[in-house]
Amino acid sequence: MEPRYDIQEVEVRIAKAWDDAGYANPDTCIAKGVTKSDAEAFSIVLPPPNVTGTLHMGHAAMLAVEDVMVRYARMTGKRTLWIPGTDHAAIATQSRVEKDIMKEEKKNRYDLGREELLRRVNEFAKESHDTIVHQIKRMGASLDWSREAYTLDEKRSFAVRAAFKKMYDLGLIYRGHRVVNWDPKGQTTISDDEIVYEERKAKLYTFRYGFLVDGSKFPIPISTTRLETKFGDTSVAVHPSDDRYKEFVGKTFDVDFCGTPITVKVVADESVERDFGTGALGVTPAHSMVDWEIAQRHNLPFKQIIDERGRMMVENPLVQGKKTTEAREITAEELRKRGLIEKEEEIPQNIATAERTGGIIEPLPKLQWFIAVNKPFGEKQKTLKELMKSAVGTGGVTIEPERFSRIYFNWIDNLHDWCISRQIWFGHRVPVWYKGEETHVDIEAPEGADWVQDPDTLDTWFSSGLWPFSTLGWPDENAPDLKAYFPNTVMETGYDILFFWVARMILMSEVIMGGIPFRRVYLHGLVRDDKGRKMSKSLGNIIDPLTMADKYGADATRLSLIIGASAGNDLKLSEDRVRGYRNFSTKIWNIARFLDMNRPADWQIGSRPSVPNIDLRQEIVELNTVYKEVTAHIENFEFHLAGEKLYHYVWHTIADVILEQEKKRLQEGTPEEKTEAYALLERVFLESVAMLHPFMPFITEEIYGIFRPGKMLMVERW
RNA sequence: GCGUCCUUAGCUCAGUGGUAGAGCGUCACAUUGACAUUGUGAAGGCCGGAGGUCCGAUCCCUCCAGGACGCACCA
């Protein structure tokens, strides 16, 4: 054996050997006789990385954990399938490419046109895909690449259209004119979950709209941070039990607001907070979700006064065409002039921004496509909310750690209808065609001319919601993979996309498959830097998994991401940690070398001669205990405990104790003593190597190949 | 506002109803070897604070403090 473990050489060579053997494909395992055709199935899909760039530590951690599950399952004889894929990540990818084009060519998407932009985005996606796939393989993930999927490929696109039609036919997808979250920067709607709230300081104005025809001031003072929207007010809402304003409830007032006549009706609504501001709320139905809902309850009209570029569209020379922030100042100044401002104070405010573009959300009334979550449907006449709730717990989905179940239920309670149409171009086109008043929803375009397809695309999570079955062949109900591997055994992903993705997969599966998409959900934490901060380019604290793999080995990188990371908890990673596990690789290598150098002369490599009473030795008893503990930890998804246990056992028991204690007999003993000492050492060591395989696949495969020539550890029995 | 999690060695974190563990770091000694990447040992903790349950609490319960995060219709 080489005195030094050449990480790069070995890891690249072993990766190729696995590729050639094809054992990541369960069909190959069955064909080659390493797995029984009727063995229990273990299936898991890789959360598809976005094609927006390169692999980061979060991906590496995910791959490490999932590969432990998968390799363990395969070694225990299960028909094991792990499907790889990538996500087109609609908004994320398009806005990334748009940003680059703007920077380099000073052009926006409208300058390029739909076709050209899509060509560029697809080109970028292709490149990202190739990079990411190469990087995933570098980490040693035993994925079945023969089944690779892409959310935007032929099959998945077909599945998307089929799912849309099915949900439309069930009455769950509808087109409605409602207030949606409009991102003026990205020029698209986004869902509630794509909003990020940022705390900022805002000025809260307390004011009166203006004067009534009789010359008196509007009787109710109201407070707002968004003065410019008051041009669109159609109501003032107060709490039903608020005595201050009781006499006005039900009355309608015509009032001049900064030169624009507005009509407001005073209504009583439970949602109004009596203690906030003046206890009276100016209702702007067109530009606030809450106000829209109040307006619905009281049959109030709405008036859109802000356009899609975030500019005022009210016919008032003071503000027309101005940006909202500018209009706010102008309006404030005008009200001051008129003596209508009663108070101005600084308050902290949560401002809604778009996750991807950072644009400040402008609620706007728009005609969009939605998924109804409160509508009973199908034979069971249950709502999607009810089905999503019952799926977890009684329905058979368990979430680990368990506390996330509560968070999941809490999220469902607050769930509104899901807006699924987007005004961006990269993604699945809404499968709806229009001709005059006619609307046609189908998997394929209708026959005949004059049909125009809806220009919008679907929320990227619509397609990823289908992932657990679209990767298995659905909508072909008879697809062999679907029959063999659905529902998935495990879904492993980060807790940060519990709502975005996990919940949507459950939703989609309940509608389309009539049941749960997977049985066990394991949520891992986020990888942070050694100070607990998020890794980001601007902070310059990114630790790149590929750099670490090249420097210290994919094995060491993987182990550093598994040990010390328990379910649902964030992991703090430093280069020192990775280096520490590289040292462990070296230790393992040197134990192997020691055995290799001290092998008795008459020992047949690969043989396992029987040595009397070896099973009774206390070292073997201890080995068996370790085996039981490690197995239990893995079964319980306590990978960090399993990894740590093995780390200590190999280093501080095998190397420090057993090897030291047997050294003398091995080197200076009688032939019988040599044989016995070697047999004992090789056994405890090789069995540990096998147990370490799911965690450190490369070095263990390499060493196993030296001691058991011709065998592949990847498919040896656990 | 509602909710969740965290608080344990200098740092980063495991962990258990029975007088505390790892890695990294520090110090002392040993070692040129299977080991560039080693070994042995040491120092270092009223397990955030206060109550409660218990024979016994770092662990279970209540409250408090500090920190992180999630959700919400904070106008």
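The structure displayed is predicted, hence computed values, not measured ones. Here is how names work: the chains are called A, B, and so on, in the same order as the sequence lines, proteins then strands, and each is numbered from 1.
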(message) Looking at Glu660(A) and rA34(B), is any side-chain donor or acceptor paired with a base atom of the opposite kind under 3.5 Å?
(response)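 Check passes, donor-acceptor contact within cut-off.
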Under 3.5 Å, side-chain donor or acceptor atoms of residues 632-645 of chain A against the rest of the protein: list the pairs with distances, not counting sequence neighbours.
unit_1, atom_1, unit_2, atom_2, d
His633(A), ND1, Glu638(A), OE1, 2.8
Glu635(A), OE2, Tyr72(A), OH, 2.5
Asn636(A), ND2, Ala632(A), O, 3.2
Lys645(A), NZ, Glu629(A), OE1, 2.8

rA28(B) to rA65(B) separation - C1' atoms, rounded to the nearest Å:
41 Å
Considering only the C1' atoms, how many Å lie between rG56(B) and rC5(B), rounded to the nearest integer? 28 Å
Pairwise 5' ranking along RNA chain B for Met289(A) and Arg582(A), keeping only the more 5' one
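So the residue in question is Arg582(A).
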Under 4.0 Å between any heavy atoms, over every strand shown, what does [X] touch: base, sugar-phosphate, or nothing? Just pick one.
| X | answer |
| --- | --- |
| Ala280(A) | base |
| Val272(A) | base |
| Thr225(A) | sugar-phosphate |
| Arg406(A) | sugar-phosphate |
| Leu659(A) | base |
| Trp651(A) | sugar-phosphate |
| Asp291(A) | nothing |
| Ala655(A) | base |
| Glu273(A) | base |
| His287(A) | nothing |
| Ser223(A) | base |
| Ser566(A) | sugar-phosphate |

query = Run the side-chain hydrogen bond (donor to acceptor under 3.5 Å, both in side chains) check on Glu622(A) and Thr625(A) step by step: do they pass?
reply = CA-CA 5 Å; Glu622(A) 192 180 359; Thr625(A) 309; over 6 Å; no
Picking from [options], which would you name as closest to the side chain of [X]?
| X | options | result |
| --- | --- | --- |
| Leu641(A) | rG39(B), rA14(B), rA34(B) | rA14(B) |
| Thr224(A) | rA75(B), rC73(B), rA34(B) | rA75(B) |
| Gln667(A) | rA34(B), rU37(B), rA75(B) | rA34(B) |

Within 45° of the six-membered ring axis of Trp292(A) and under 6.0 Å from that ring's centre, is NZ or CZ of Arg297(A) located there?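 Cation-pi check for Arg297(A) and Trp292(A): fails.
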message = I want to check a possible cation-pi pair here: Arg599(A) against Tyr678(A), using under 6.0 Å from ring centre and within 45° of the ring axis as the test.
response = no
Could you go through nucleotides 5-12 of chain B and list every protein N or O atom that sits under 3.5 Å from one of its N or O atoms, giving the distance for each pair?
unit_1, atom_1, unit_2, atom_2, d
rU12(B), O3', Lys572(A), NZ, 3.4

Salt-bridge present ([X], [Y]; N to O < 4.0 Å):
| X | Y | answer |
| --- | --- | --- |
| Glu662(A) | Lys674(A) | no |
| Lys203(A) | Glu346(A) | no |
| Glu344(A) | Arg336(A) | yes |
| Arg208(A) | Glu342(A) | yes |

Handout entry: Residue list, side chain to side chain donor-acceptor pair (under 3.5 Å) with Lys303(A), at least two apart or on another chain
Key =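 With neighbours one apart ignored, the set is empty.
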Sequence neighbours excluded, the answer for side chain to side chain donor-acceptor pair (under 3.5 Å) partners of Thr547(A) is Asp544(A)
Do any N or O atoms of the protein come closer than 3.5 Å to N or O atoms of nucleotides 66-71 of chain B, and which pairs are they?
unit_1, atom_1, unit_2, atom_2, d
rC71(B), O2', Asn414(A), ND2, 2.9

For [X] and [N], give me the distance from atom [atom1] to atom [atom2], rounded to whole Å.
| X | N | atom1 | atom2 | value |
| --- | --- | --- | --- | --- |
| His640(A) | rG15(B) | NE2 | C1' | 9 Å |
| Phe584(A) | rA22(B) | CZ | P | 16 Å |
| Arg226(A) | rA75(B) | CZ | P | 11 Å |

If you count the non-hydrogen atoms of other residues, nucleotides and ligands that lie under 6.0 Å from NZ in Lys534(A), is the total more than 12?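 No, not enclosed.
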Notebook entry, point to check: Any side-chain N or O of His652(A) less than 4.0 Å from the OP1 or OP2 oxygen of rG23(B)?
Noted result: yes
Those stems involving RNA chain B that have three or more consecutive Watson-Crick or G-U pairs, both distances under 3.5 Å, are B:1-7 with B:65-71, B:10-13 with B:21-24, B:26-30 with B:38-42, B:48-52 with B:60-64
request  = Please report the C-alpha distance between Trp411(A) and Asp193(A) in whole Å, then the side-chain angles of each, then the deciding distance to 0.1 Å, and finally whether the side-chain hydrogen bond (donor to acceptor under 3.5 Å, both in side chains) criterion is met.
outcome  = CA-CA 10 Å; Trp411(A) 177 80; Asp193(A) 297 288; 2.9 Å; yes
Could you tell me whether the side chains of Ser566(A) and Asn569(A) share a donor-acceptor contact shorter than 3.5 Å? yes
